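See below for the structure under consideration.
Because the structure is a prediction, the values reported are computed rather than measured.
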Protein chains: 2
Amino acid sequence: MVHDDLQPSPPAASDERPSDPRAGAFQGVREAHRNELAEDYVELIAELIHARGEARPVDIAAKMGVTPPSVAKTLDRLARDGLITRARYRSVFLTDAGRALAEECQRRHDIVLRFLLRLGLDAETAEHDAEGIEHHVSERTLALFAAFADRS
Amino acid sequence: MVHDDLQPSPPAASDERPSDPRAGAFQGVREAHRNELAEDYVELIAELIHARGEARPVDIAAKMGVTPPSVAKTLDRLARDGLITRARYRSVFLTDAGRALAEECQRRHDIVLRFLLRLGLDAETAEHDAEGIEHHVSERTLALFAAFADRS
DNA sequence: GACGATTATTAGCCTTGTCTAATATTTGGC
DNA sequence: GCCAAATATTAGACAAGGCTAATAATCGTC
Ligand SMILES: [Mn+2]
Ligand SMILES: [Mn+2]
Ligand SMILES: [Mn+2]
Ligand SMILES: [Mn+2]
């Protein structure tokens with residue numbers, strides 16, 4: 001027996017837990033939530049820079065509905081992750097990676113929003129729901145949303 | 001000057017931050033995320049009880065894709081919040097409140113899922129996206145989803 | 001250019017939600 | 001009924017993300 005493996009192990013599957021099919025969906029949601037705050041921040045920062053020429057913590061705090069210290073801590077994480085650059089007491093800038101992410105998020109946000117409006121939702125509810133839904137829409141779903149939003 | 005108020009304060013608004021209109025959307029998303037895990041758990045517990053007669057931590061862990069200790073800690077919070085009852089080393093039961101929440105979540109999950117399928121999405125992606133989207137769908141949006149899913 | 005108001009940061013606290021390692025309990029097979 | 005395997009719990013670590021209070025820096029105005 002040259003290489004009698006003896007493991008009746010399930011068909012490989014590197015290092016996951018038993019992984020009920022359902023588990024994959026929940027893991028995907030947790031993954032989305034890990035990226036969510038960064039996505040909303042870079043998107044907002046891009047908008048502030050576009051609208052006012054700069055993104056200041058005080059404005060980020062007002063738009064996000066959190067306190068300035070919460071913004072400071074989050075910005076530190078974004079800088080650590082290479083999405084922004086910042087100097088003490090100065091406004092915030094996007095790195096190339098941050099700008100790329102922001103554009104991707106803006107595109108996705110826009111599609112989801114237009115989709116909800118097209119479905120017949122009022123503007124305020126559409127914006128409210130889009131802010132959460134956008135992070136849980138696969139590329140495949142996004143394509144269907146876009147097609148529906150743009151249908152004649 | 002009997003009662004010269006001197007506060008040019010904004011039109012009341014109890015105790016919120018300056019609250020850009022946008023901030024409300026983000027606050028709503030944060031609120032949804034605070035309820036999310038409880039919702040997924042009670043929904044899953046209800047399903048396990050229906051399918052197998054009981055909800056055991058080991059099965060919850062497999063379906064959620066997390067470790068048993070994570071389940072244990074979450075179940076403690078659910079018990080603290082009055083959604084389940086449990087005895088050590090025994091399976092888990094829903095309270096009336098937990099059962100009510102589970103039914104509400106099942107209804108919502110089902111509508112979102114049927115909507116995505118109706119839109120043309122494959123089953124696996126639909127289930128994946130629905131697991132996240134369901135927590136960010138207002139009652140108003142849900143009604144539109146249901147109408148679309150059930151349209152002739 | 002000094003000074004008060006605004007803005008930013010720091011320090012420190014708290015909860016949630018994940019994990020691993022160790023321990024306790026239950027259960028099924030003999 | 002015993003014992004090993006399966007299951008559950010506990011202990012403890014850690015990161016994220018929110019907060020308040022205190023401090024530091026900047027800015028606008030005179
Ligand atoms: Mn968002
Ligand atoms: Mn879910
Ligand atoms: Mn669900
Ligand atoms: Mn979410």
Side-chain angles (χ1 to χ4, degrees), chain A residues 8 15-19 23 26-42 44-45 48 52-81 83-93 132 135, chain B residues 8 15-19 23 26-42 44-45 48 52-81 83-93 132 135:
Chain A
D15 61 340
E16 292 111 41
R17 253 176 298 283
S19 241
F26 287 118
Q27 284 164 343
V29 173
R30 289 195 293 273
E31 165 76 11
H33 285 164
R34 276 195 299 276
N35 303 326
E36 173 156 353
L37 198 64
E39 292 175 354
D40 286 333
Y41 265 68
V42 297
L44 174 56
I45 290 166
L48 286 170
R52 314 189 184 185
E54 64 177 349
R56 305 172 67 209
V58 67
D59 295 322
I60 296 171
K63 295 266 186 195
M64 292 295 304
V66 298
T67 60
S70 295
V71 170
K73 209 180 269 192
T74 300
L75 291 178
D76 283 344
R77 282 194 301 270
L78 296 184
R80 179 201 64 190
D81 296 341
L83 294 171
I84 65 169
T85 57
R86 59 195 307 236
R88 302 177 89 231
Y89 295 95
R90 294 268 94 93
S91 57
V92 175
F93 298 91
H135 308 281
Chain B
D15 61 338
E16 291 111 43
R17 253 174 295 283
S19 239
F26 287 117
Q27 284 164 344
V29 173
R30 288 195 295 272
E31 165 77 11
H33 284 163
R34 276 195 302 276
N35 303 326
E36 174 156 349
L37 199 62
E39 292 176 354
D40 286 333
Y41 265 69
V42 296
L44 174 55
I45 290 166
L48 285 170
R52 314 190 183 184
E54 63 177 350
R56 305 172 69 210
V58 65
D59 294 322
I60 297 172
K63 295 264 188 199
M64 292 294 305
V66 298
T67 60
S70 295
V71 170
K73 208 178 270 192
T74 300
L75 291 178
D76 283 344
R77 283 196 301 271
L78 296 184
R80 179 201 64 191
D81 296 342
L83 294 171
I84 65 168
T85 58
R86 60 196 305 239
R88 301 177 90 232
Y89 294 96
R90 293 267 93 94
S91 58
V92 175
F93 298 91
H135 308 281

Practice item. For B:His33 and C:dG17, give me the distance from atom NE2 to atom P, rounded to whole Å. Key: 11 Å
Practice item. Check B:His33 against A:His33 and note the closest heavy-atom contact, atom names and distance. Key: NE2-NE2, 3.0 Å
Review point. Under 4.0 Å between a side-chain N or O of A:Arg34 and OP1 or OP2 of D:dA15?
Key: no
Practice item. Using atom OH of A:Tyr41 as one end and atom P of D:dA16 as the other, report the distance to the nearest whole Å. Key: 14 Å
Exercise for review: Return the set of residues passing salt bridge (Lys or Arg N to Asp or Glu O under 4.0 Å) with B:Arg90 (not counting sequence neighbours), or none when no residue passes.
Suggested key: none
Point to revise | Partner set under side chain to side chain contact (heavy atoms under 4.5 Å, CB included) for A:Tyr89, not counting sequence neighbours | key: none
Practice item. Using the test side chain to side chain contact (heavy atoms under 4.5 Å, CB included), find all partners of B:Arg77 that sit at least two apart in sequence or belong to another chain. Key: B:Leu37, B:Lys73, B:Thr74, B:Arg80
Point to revise | Heavy-atom closest contact (B:Ala23 atom, A:Ala62 atom, distance) | key: CB-O, 3.5 Å
Exercise for review: Quick one: list whatever passes salt bridge (Lys or Arg N to Asp or Glu O under 4.0 Å) with A:Glu54, sequence neighbours left out.
Suggested key: none
Review point. Quick one: A:Arg90 CZ to D:dA25 C1', roughly how many Å, whole number?
Key: 9 Å
Exercise for review: Just jot down the side chain to side chain contact (heavy atoms under 4.5 Å, CB included) partners of B:Pro57, sequence neighbours excluded, or say none.
Suggested key: B:Val71, B:Leu75
Check your understanding: In whole Å, what is the span from the CG atom of A:Leu78 to the P atom of D:dA16?
Key -> 11 Å
Study note, to complete from the structure: Within residues 69-77 of chain B, the residues having a heavy atom closer than 4.0 Å to DNA chain C are B:Pro69, B:Ser70, B:Lys73, B:Arg77
Review point. Applying salt bridge (charged side-chain N to carboxylate O under 4.0 Å, His left out), which residue pairs with at least one partner in residues 56-72 of chain A are found, sequence neighbours left out?
Key: A:Arg52-A:Asp59, A:Lys63-B:Asp20
**Study point:** Separation of C:dG17 C1' from B:Asp40 CG (nearest whole Å)
**Key:** 13 Å
Study note, to complete from the structure: Sorted by chain and number, sequence neighbours left out, side chain to side chain contact (heavy atoms under 4.5 Å, CB included) with B:Ala38 holds for B:Leu78, B:Leu83
Exercise for review: For A:Glu31 and C:dT18, give me the distance from atom CD to atom P, rounded to whole Å.
Suggested key: 13 Å
Check your understanding: Are any of B:Arg88's side-chain N or O atoms less than 4.0 Å away from OP1 or OP2 of D:dT10?
Key -> yes
Strictly under 3.5 Å: I want the nitrogen or oxygen pairs between protein and nucleotides 1-7 of chain D, one per line.
{"residue": "D:dT7", "atom": "O3'", "partner": "B:Arg56", "partner atom": "NH2", "Å": "3.3"}

**Study point:** Value in whole Å for how far the C1' atom of C:dT25 lies from CZ of B:Arg86
**Key:** 14 Å
Check your understanding: A:Ile84 CD1 to C:dA8 P: how many Å, rounded?
Key -> 13 Å
Review point. With nearest nucleotides of DNA chain D determined for A:Leu37 and B:Asp59 from heavy-atom distances, which residue corresponds to the more 5′ nucleotide?
Key: B:Asp59
